Number of protein chains: 2
Amino acid sequence: MIADAMGVTKAAVYRQFKTKEEIVIAITERELGMLEDALEAAEAEDDRLRAREVLLNRVIDQAIARRGTVSVLQFDPVIIRLQAQHKPFQRFIERLFAALLGTDTGVEARLHAAMLSSAISVAVMHPLIADVDDDTLRSHLMHMARRMLNLPTQVSAGTMGGRSAAV
Amino acid sequence: MIADAMGVTKAAVYRQFKTKEEIVIAITERELGMLEDALEAAEAEDDRLRAREVLLNRVIDQAIARRGTVSVLQFDPVIIRLQAQHKPFQRFIERLFAALLGTDTGVEARLHAAMLSSAISVAVMHPLIADVDDDTLRSHLMHMARRMLNLPTQVSAGTMGGRSAAV
DNA sequence: GTCTATAATGGGATAGAC
DNA sequence: GTCTATCCCATTATAGAC
């Protein structure tokens, strides 16, 4: 498919990548790499609430930027298997969830994180909202994400007096 | 894989189903069929709020009952393609979303429905919550779904409990 | 209904010429 | 770096005996 889309032969693709796995790794690396600085910033941030806000924003931005392709990387069975065999990705994903979860690792917090991550990646390419433009989608997604995670609805930079993350 | 799991040969499976597509259609029909009476009841219900409640409950019950298999039917690329070519399924899914949306078909309502449906089906098999038992998962999911759809947090009357989705 | 055997198709991958 | 040609192998599917 890649070769066809590029208008070259399969052999030309295999000149650059020895295996299909290498291709999947390379693409995933590029996508996750875009979140790396945001993740590191979030981990370094003292204010946990603010750290989650910032990270959430970046994740949503990227999901929208990659609208139409995120869910392939997240849900294609073959791709998932190849990624699962790659330790660095597992660690990165774990760090991502840890940063999103904050200190709370209870059932509810984990469920929130699981639902949120899937909801974001599927929603951006769902037929029901194919007609929604990026900016509208972003603001709705961010609003929804805050609701799902029990974050304060409006964020005012610096002073976070909002409710705690637990119910 | 099916033949191996059943301990018969592939030819034996092809005796019952002419093509892979027939198998996918049959399985999907069985799964969606379990929601048919709930959908019809919801469509007949005058109280829209109550209709959505009932349907939501059934959808969540079934997702939990099929924990570990729902997402295959929803996300496997080959299966999705085969289902997409089958008009009756498209119509059924449209009816499901229509019933969940209520009369509101604005951007926000559609986004809610899209996020919710994906969040439910992915969450039930997400590694982060693999250790959560069915009943706990159901109550959290229902609570979360109400929040996502802006439904009242506590539902007043009726026969709504953790009932399983038949068969 | 199940079996053995055998296509047919297509994806994943390699060899060697240019 | 790309090409043609080919290989390997799993999936999809059929034929015909029991």
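Residue numbers begin at 1 in each chain, while the letters A, B, ... track the order of the sequences. All values derive from a computational prediction rather than experimental measurement. Note that these values count all heavy atoms, side chains included, but never hydrogens, waters or copies made by symmetry.
The separation between B:Ile2 atom CD1 and C:dG1 atom P is 17 Å, rounded to whole Å. When the P atom of C:dA13 is taken as reference, atom CD of A:Glu22 falls 10 Å away, rounded to whole Å. Per the geometry, CZ belonging to A:Phe17 stands 16 Å off C1' belonging to D:dT2, to the nearest Å. Rounded to whole Å, atom P of D:dA5 lies 20 Å from atom CZ of A:Arg15.
Between the side chain of A:Ser71 and the backbone N or O of A:Gln74, no donor-acceptor pair lies under 3.5 Å. Checking side-chain atoms of A:Arg110 against main-chain N and O of A:Thr105 turns up a donor-acceptor pair under 3.5 Å.
Residue pairs satisfying the ring-ring contact (aromatic ring centres under 6.0 Å, His included) criterion with at least one member in residues 34-71 of chain B, sequence neighbours excluded, are absent. The ring-ring contact (aromatic ring centres under 6.0 Å, His included) pairs that include a residue from residues 28-77 of chain A are A:Phe75-B:Phe75, where partners are two or more places apart or lie in different chains.
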- Per-nucleotide protein contact string for nucleotides 10-18 of chain D (B base, S sugar-phosphate only, - none; heavy atom under 4.0 Å): --BBBB---
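Contact check, A:Thr9 against D:dT2: no side-chain N or O comes under 4.0 Å of OP1 or OP2.
Each of B:Asn57, B:Asp133, B:Asp61 was compared with B:Arg138 under the side chain to side chain donor-acceptor pair (under 3.5 Å) criterion, and only B:Asp61 meets it.
Between A:Phe97 and B:His126, the gap from one ring centroid to the other is short of 6.0 Å.
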